[in-house]
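This report refers to the structure that appears directly beneath it.
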Amino acid sequence: MSIAYIVMTGVIALVLGVLLGYLLYKKVVQNRVDSVEKFSEKILAEAEREASNIKKDAALQAKDILYQTKIEFERESKEKKEQLLIQEKRLLHKEENLDRKIEQIEKREATQSERDRDIEKRETELKRMESECEGLIAEQRVQLEKLAGISSEEAKQQLISSMEMEAKHEAAKIMRRIESEARVEADRKAQEILSLAVKRYAGEYVAEKTVSVVNLPNEEMKGRIIGREGRNIRAIEAATGIDLIIDDTPEAVILSGFNPVRREVAKIALERLIDDGRIHPARIEEVVAKVDKEIEAAIKDAGEQAAFDVGVHGIHHELIKLVGRLKYRSSYAQNVLQHSREVAFLCGIMAAELGVNVKQAKRAGLLHDIGKAVDHEVEGPHAIIGADLAKKYGESNQVVHAIAAHHEEVAPESVLAVLVQAADTLSGARPGARQEMLESYVKRLEGLEKIAMSFQGVNKSYAIQAGREIRIIVESKIVDDNQVFIVCKDIAKKIEKELSYPGQIKVTVIRETRAVEYAK
């Protein structure tokens with residue numbers, strides 16, 4: 001074979017291979033196109049079926065929603081219709097009541113008109129009789145002068161002398177009555193002081209201020225607290241100094257004692273013993289000793305936190321403890337520690353406005369009630385007790401005096417003392433600060449104004465200064481200058497008799513006379 005033949009054969013084979021490959025490729029591509037078209041048609045058919053199903057579901061849901069909306073609308077319409085019927089009945093009832101009241105008023109007006117006519121007739125008759133009496137009196141006066149042999153002027157002088165003697169006698173009776181009232185008032189004040197002493201020392205009679213309640217998981221726990229022959233309850237009372245009252249109160253034990261710190265120790269210790277379940281004298285002493293240390297640490301932390309919050313430093317550690325003890329003391333349900341912090345802040349604000357030493361004012365405000373921390377242990381007013389404690393632990397004379405004078409046991413002699421007194425009043429007397437509550441506060445103001453308006457000649461009355469002062473305006477044509485003092489005193493006496501209030505109330509009666517003329 002020649003080379004040309006071999007080449008020719010290779011070329012023919014190559015051409016045939018390419019042709020065959022092209023035909024195979026074309027067939028494969030055609031098969032793929034056919035399969036893709038079939039797949040597309042299948043997808044379109046499935047999509048049409050799915051769309052048809054979705055359309056049917058949407059139509060069903062729309063019908064269901066429409067049905068539910070229709071039911072809800074009918075229900076609301078029915079309810080509104082019932083409400084309108086009820087309101088219509090109420091309006092009809094009110095209209096009937098109004099008609100009855102109008103009829104009653106018309107009857108009263110007719111009766112009143114008849115009474116007015118009767119009064120006019122009686123007034124006319126009285127005037128006629130008055131004129132007749134005046135004539136008879138004049139005739140009798142002339143006859144009496146003839147029979148008595150003295151003139152009317154001489155008789156008048158004798159009558160004046162007789163009335164003067166009678167007035168002196170009445171004045172003596174009034175003086176005796178005033179003295180008697182003073183004795184009654186003194187007795188009342190003495191009883192008030194005694195009741196205050198009882199409140200401070202007799203815990204059983206002020207239970208709402210001197211008791212705590214510990215809840216029990218069950219009634220059987222009462223027997224475990226009492227213990228065999230009462231040894232557990234005696235151990236608790238001996239360790240805490242607090243009385244335990246176990247009565248018919250379901251699932252509760254009452255802790256009674258005036259010392260708030262000891263009562264808190266007893267409460268926490270008893271709660272831990274109940275949770276632990278081991279209640280016997282040795283365990284009781286152990287738990288009480290542990291809680292006592294924790295409370296002492298909490299007292300110290302509370303005092304240091306209060307001093308830090310107020311911004312006062314360098315206070316003796318014993319005074320810090322006393323300040324912390326105020327956390328467990330209350331006055332008219334107002335926490336004394338919170339009250340002391342408020343007073344400190346108020347003193348600082350007012351001192352800054354007046355240019356007084358702010359740090360010293362805050363210090364006096366924070367310490368002003370430290371006497372309350374030990375007033376159940378030491379005799380005397382808490383202001384004097386607190387001043388003695390402050391002096392003992394190195395406070396300045398100005399701070400000591402401000403503490404002593406904040407309730408005027410000592411007359412205030414410095415601006416600082418007046419600031420502490422004012423801040424104490426602001427913190428304690430504001431509505432809602434103490435147990436008096438807003439309702440009783442409003443009632444007291446209304447009671448003051450009502451008492452004032454009950455007197456003849458009073459035109460207007462205003463209770464101001466948080467109920468510590470009432471100002472009364474009287475009619476100048478009815479009440480003269482002399483009667484103003486009598487009205488003022490009578491109102492003050494009636495307030496003392498009918499109202500209960502802390503401190504004192506200032507009564508001011510104002511009478512004003514105006515002269516108006518126009519120049520033409």
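This structure is a prediction, so every number in the text was calculated from the model and none was measured. Counting begins at 1 with the first residue of the sequence.
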Taking it one step at a time, do Glu286 and Arg283 satisfy salt bridge (charged side-chain N to carboxylate O under 4.0 Å, His left out)?
-> CA-CA 5 Å; Glu286 179 185 348; Arg283 179 63 177 167; 3.4 Å; yes
In Å and rounded to the nearest 0.5 Å, what is the CG to CD1 distance from Asp369 to Ile385?
-> 11.0 Å
State, with a plain yes or no, whether a side-chain heavy atom of Val343 is found less than 4.5 Å away from one of His339.
-> yes
Among Leu322, Ile384, Leu367, find the one that has a side chain to side chain contact (heavy atoms under 4.5 Å, CB included) with Leu389.
-> Leu322
Quick one: side chain to side chain contact (heavy atoms under 4.5 Å, CB included) partners of Asn97, sequence neighbours excluded?
-> His93, Arg100
From CA spacing to verdict: salt bridge (charged side-chain N to carboxylate O under 4.0 Å, His left out), Lys321, Glu296 | CA-CA 8 Å; Lys321 288 182 180 179; Glu296 287 295 326; 5.2 Å; no
Would you confirm whether Asn357, through its side chain, and Gln360, through its main-chain N or O, come within 3.5 Å as a donor-acceptor pair?
-> yes
Tell me, do Glu304 and Lys300 make a side-chain contact under 4.5 Å, heavy atoms counted?
-> yes
Kindly indicate whether a cation-pi arrangement holds for Lys78 with Phe73, taking the cut-offs as under 6.0 Å to the six-membered ring centre and within 45° of the axis.
-> no
Lys/Arg N to Asp/Glu carboxylate O, Asp490 vs Lys493, below 4.0 Å = no
Test Asn459 against Val474 for side chain to side chain contact (heavy atoms under 4.5 Å, CB included), laying out the working first.
-> CA-CA 5 Å; Asn459 185 17; Val474 297; over 6 Å; no
Any salt bridge between Arg511 and Glu475, counting N to O under 4.0 Å?
-> no
Test item: Glu449 side-chain N/O and Ala463 main-chain N/O as donor-acceptor pair under 3.5 Å = yes
Glu469/Arg471 ion pair, N-O < 4.0 Å | yes
Are the side chains of Leu326 and Lys372 in touch, meaning some heavy atoms are under 4.5 Å apart?
-> yes
Ring centroid separation His368 to His382 under 6.0 Å = no
Step through the shown structure and confirm whether more than 12 heavy atoms of other residues, nucleotides or ligands are within 6.0 Å of CD on Gln456.
-> no
Step by step, work out the side chain to side chain contact (heavy atoms under 4.5 Å, CB included) result for Leu337 and Arg325.
-> CA-CA 8 Å; Leu337 179 57; Arg325 286 169 70 91; over 6 Å; no
Mind running side chain to side chain contact (heavy atoms under 4.5 Å, CB included) on Leu270 and Val253 for me, showing each step along the way?
-> CA-CA 10 Å; Leu270 186 57; Val253 172; 4.3 Å; yes
Mind listing the closest non-hydrogen atom pair of Gly324 and Ala302 along with its distance?
-> CA-CB, 4.2 Å
Heavy atoms of Leu366 and Ser340 approach each other most closely as O-CB, 3.6 Å
Apply side chain to side chain contact (heavy atoms under 4.5 Å, CB included) to the pair Tyr462 and Ile473, showing each step before the final yes or no.
-> CA-CA 9 Å; Tyr462 304 95; Ile473 301 174; 4.0 Å; yes
Is the side chain of Lys494 donor-acceptor paired with the backbone N or O of Lys489 at a distance under 3.5 Å, no angle test?
-> no
For Glu72, side-chain hydrogen bond (donor to acceptor under 3.5 Å, both in side chains) partners two or more places apart = Arg75
State whether Lys101 and Glu96 are salt-bridged, where the test is any N-O pair (Lys NZ or Arg NE/NH1/NH2 against Asp/Glu carboxylate O) under 4.0 Å.
-> no
What heavy-atom pair brings Asp309 and Arg341 nearest, and what distance separates the two atoms?
-> OD2-NH2, 2.9 Å
Is there a side-chain contact between Lys506 and Ile470 (heavy atoms, below 4.5 Å)?
-> no
Any Ile284 side-chain heavy atom under 4.5 Å of Ile279 side chain | yes
